[in-house]
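Below is one structure, written out as structure tokens; comments come after it.
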Number of protein chains: 2
Amino acid sequence: MNERSFLNIRAFNRKHMSIISKSQIKRSALVKATINLVNNNGFHAAPMSKIAKTAGISPGTIHLYFENKQDMINQVYIEVKAAYTRFAFKDYKASFSVAEGFENIWKNIAEFKLKEVEEAMFLSQCDNTPMVDEASRQEGLKHLRPLLDLWERGQKEGIIKPVSPYLLYAFSIYPIAFMMNTQQQQHLKLTPEQINEAYNMAWNSIKN
Amino acid sequence: MNERSFLNIRAFNRKHMSIISKSQIKRSALVKATINLVNNNGFHAAPMSKIAKTAGISPGTIHLYFENKQDMINQVYIEVKAAYTRFAFKDYKASFSVAEGFENIWKNIAEFKLKEVEEAMFLSQCDNTPMVDEASRQEGLKHLRPLLDLWERGQKEGIIKPVSPYLLYAFSIYPIAFMMNTQQQQHLKLTPEQINEAYNMAWNSIKN
DNA sequence: AAATAATGAATGAACGTTCATTTTTGAACA
DNA sequence: TGTTCAAAAATGAACGTTCATTCATTATTT
């Protein structure tokens, strides 16, 4: 075991103890503070001292939860990405038709990106900069499988355009991030009608 | 005049002298180095000293061209954004039909994003972080007018979906940035056929 | 009272910026 | 063409600040 083994024990406890420990509270306060400060000032202007202060924690304490700043960013990224994909596939059933399944997933993602703005903005920043390392980026990508499988099925059924999944993602899912950005910068809130219009645009771009 | 007036004189010379001055060479070396280092390491890991070294220039010299690091980033952003929009509208004529005009602009933007990868990646990073200040962001947005006008015309003609221009942008232009990202990360090059498929997806999402 | 968690002042490295000094430039003159 | 010299440009060591990280000490929990 390496010098981080005690952290793993803590992680073990977090997973298998049903009580919410104090350390869990502090950790999630740190995660929240990190997301908040990185969103508002960028990674380069989110010093550990400020993150600690925002979380109501001493600077030194951060290093009980994370090895260093880079490790913290990586872990936060992976956690938020996991929450994002979990949300994306909630209520999803493999028995859905391709069209049903896609609408379900798309609207979940839209709901996440337009409502959990803090998390979504953080992800957008991480995905467009060298902030997080390649390994964490790969890790974050894992949980998207069900969507890729759905598209593959759709292509076999002749419902979905026979193009690279990257293109499908680029034209149907990725635009939601832009919608979130403008909604945030323009201080407006998209109406359900607008979201439905957006969904139709997404579907029109990938349907055969 | 403020303490930067001598810079303005330099800027005047740059604009009105046909010779390429040495200072112009150094400035553009700085701009190139900035783009390169920010792309590879992010803003927070692109120190002035490294930028200077990459540009073959002494650290102190940077401040003859830019007030400070923030000013440098802002200026580089505005310049690259201007180059981007200039490229986007090359060969564009107001006499084009809406469909012709859109295809022209879309393919220009795709060409820029997929070939001038360094510049495009830099823009993508700036557009998704608080790296550049709000004023510079607004400045960079100015030159997109012709596309918005085209869409408005298309909507009057009933060719383009009657939705917010932000949605039109999100689903037709923004995806190109994702295409660039994956092309870069996957070390592959999109074929002309794939680009055409992508264009069709863009058009399908915004056409009525 | 032993074990665990948290503290925060201290440390050293790294950064952006400054400015006294050196180098380069180019117009004027021989 | 070659020389001079004041102005302009460039240099890079030095400065003050900020940052991530450490660890001896204190507080809390069990």
Side-chain angles (χ1 to χ4, degrees), chain A residues 2-14 17 19-31 33-34 37-38 41-76 131-133, chain B residues 1 3-14 17 19-31 33-34 37-38 41-76 131-133:
Chain A
N2 60 22
E3 71 282 354
R4 280 179 67 198
S5 57
F6 73 95
L7 284 175
N8 293 336
I9 288 167
R10 213 199 292 253
F12 177 88
N13 282 337
R14 233 179 298 119
M17 312 269 280
I19 56 152
I20 296 172
S21 65
K22 287 210 175 175
S23 63
Q24 203 174 348
I25 292 172
K26 289 204 174 158
R27 212 194 100 106
S28 77
L30 271 174
V31 170
T34 302
L37 286 171
V38 167
N41 312 103
F43 180 76
H44 73 283
M48 297 295 259
S49 55
K50 216 173 187 175
I51 292 173
K53 188 176 276 182
T54 305
I57 274 173
S58 165
T61 308
I62 298 184
H63 295 270
L64 298 178
Y65 297 89
F66 305 101
E67 231 178 304
N68 51 45
K69 194 179 181 182
Q70 183 63 60
D71 175 55
M72 185 172 79
I73 293 285
N74 289 340
Q75 286 198 39
V76 172
M131 241 171 73
V132 302
D133 60 32
Chain B
M1 288 217 194
E3 71 283 353
R4 282 179 68 196
S5 60
F6 72 96
L7 284 176
N8 294 336
I9 288 168
R10 212 199 293 253
F12 178 87
N13 283 336
R14 234 180 297 119
M17 313 268 280
I19 56 154
I20 297 171
S21 66
K22 288 210 172 174
S23 62
Q24 205 174 346
I25 292 172
K26 289 204 174 160
R27 212 193 99 105
S28 76
L30 270 174
V31 170
T34 302
L37 286 171
V38 167
N41 311 103
F43 180 76
H44 73 283
M48 297 296 257
S49 55
K50 216 173 188 176
I51 292 173
K53 189 175 274 182
T54 306
I57 274 174
S58 165
T61 309
I62 297 184
H63 295 270
L64 299 176
Y65 296 89
F66 305 100
E67 235 179 299
N68 51 44
K69 195 179 181 183
Q70 183 61 60
D71 175 55
M72 185 172 80
I73 293 285
N74 288 340
Q75 285 197 40
V76 172
M131 241 171 74
V132 302
D133 61 32

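Chain naming here is simple, since letters A, B, ... match the order of the sequence lines and numbering starts at 1 in each.
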Testing the basics here: between Q75(A) and Y65(A), what is the closest heavy-atom pair and its distance to 0.1 Å?
NE2-O, 4.4 Å
NZ of K50(B) versus P of dC15(C): gap in Å, rounded?
8 Å
Residue pair I62(A)/G60(B) against DNA chain C: nearer the 5' end by closest nucleotide is I62(A)
Calculate the interatomic distance between I25(B) atom CD1 and dA9(D) atom P; express it in whole Å.
15 Å
For residues 41-55 of chain B, which side-chain N or O atoms pair as donor and acceptor with protein atoms under 3.5 Å away, sequence neighbours left out?
unit_1	atom_1	unit_2	atom_2	d
T54(B)	OG1	K50(B)	O	2.8

Nearest to the side chain of T61(A), heavy atoms from C-beta on, is which of dA10(D), dA6(C), dA20(D)?
dA6(C)
Whole-Å distance between dA13(C) P and N68(A) CG?
17 Å
Gap between atom CD1 of I62(A) and atom OG1 of T34(A) - 0.5 Å precision:
7.0 Å
Checking contacts here: which listed nucleotide (dG16(C), dT17(C), dT7(C)) is nearest the side-chain heavy atoms of I57(A)?
dT7(C)
Separation of Q70(A) CD from M72(A) CE (nearest 0.5 Å):
10.0 Å
Could you check which of dT17(C), dT21(D), dC15(C) has an atom nearest any side-chain atom of H63(A)?
dT21(D)
It should be established whether K69(A) places a side-chain nitrogen or oxygen under 4.0 Å from OP1 or OP2 of nucleotide dT21(D).
no
Using the side-chain heavy atoms of P59(B), tell me which of these nucleotides is nearest: dG16(C), dG12(D), dG8(C).
dG12(D)
Roughly, in whole Å, what's the span from NE2 in H44(B) to C1' in dG16(C)?
16 Å
In whole Å, what is the span from the CE atom of M48(B) to the P atom of dA14(D)?
21 Å
Can you tell me how far C1' of dA10(D) sits from NZ of K53(B), to the nearest Å?
17 Å
Of the candidate nucleotides dA10(D), dA6(C), dG16(C), which contains the atom at the shortest distance from the side chain of K26(A)?
dA6(C)
Shortest non-hydrogen contact from N68(B) toward D71(B):
OD1-N, 2.9 Å
Checking contacts here: which listed nucleotide (dC15(C), dC19(D), dT17(C)) is nearest the side-chain heavy atoms of P47(B)?
dC15(C)
Roughly how many Å is it from CD in Q24(A) to P in dA5(C), rounded to a whole number?
14 Å
Examine dA10(D): is either OP1 or OP2 under 4.0 Å from a nitrogen or oxygen in the side chain of S58(B)? Give yes or no.
no
Round to a whole Å and report the spacing from CG of D71(B) to P of dG16(C).
14 Å
Taking OP1 and OP2 of dA9(D), is either one under 4.0 Å from a side-chain nitrogen or oxygen of Y65(B)?
no
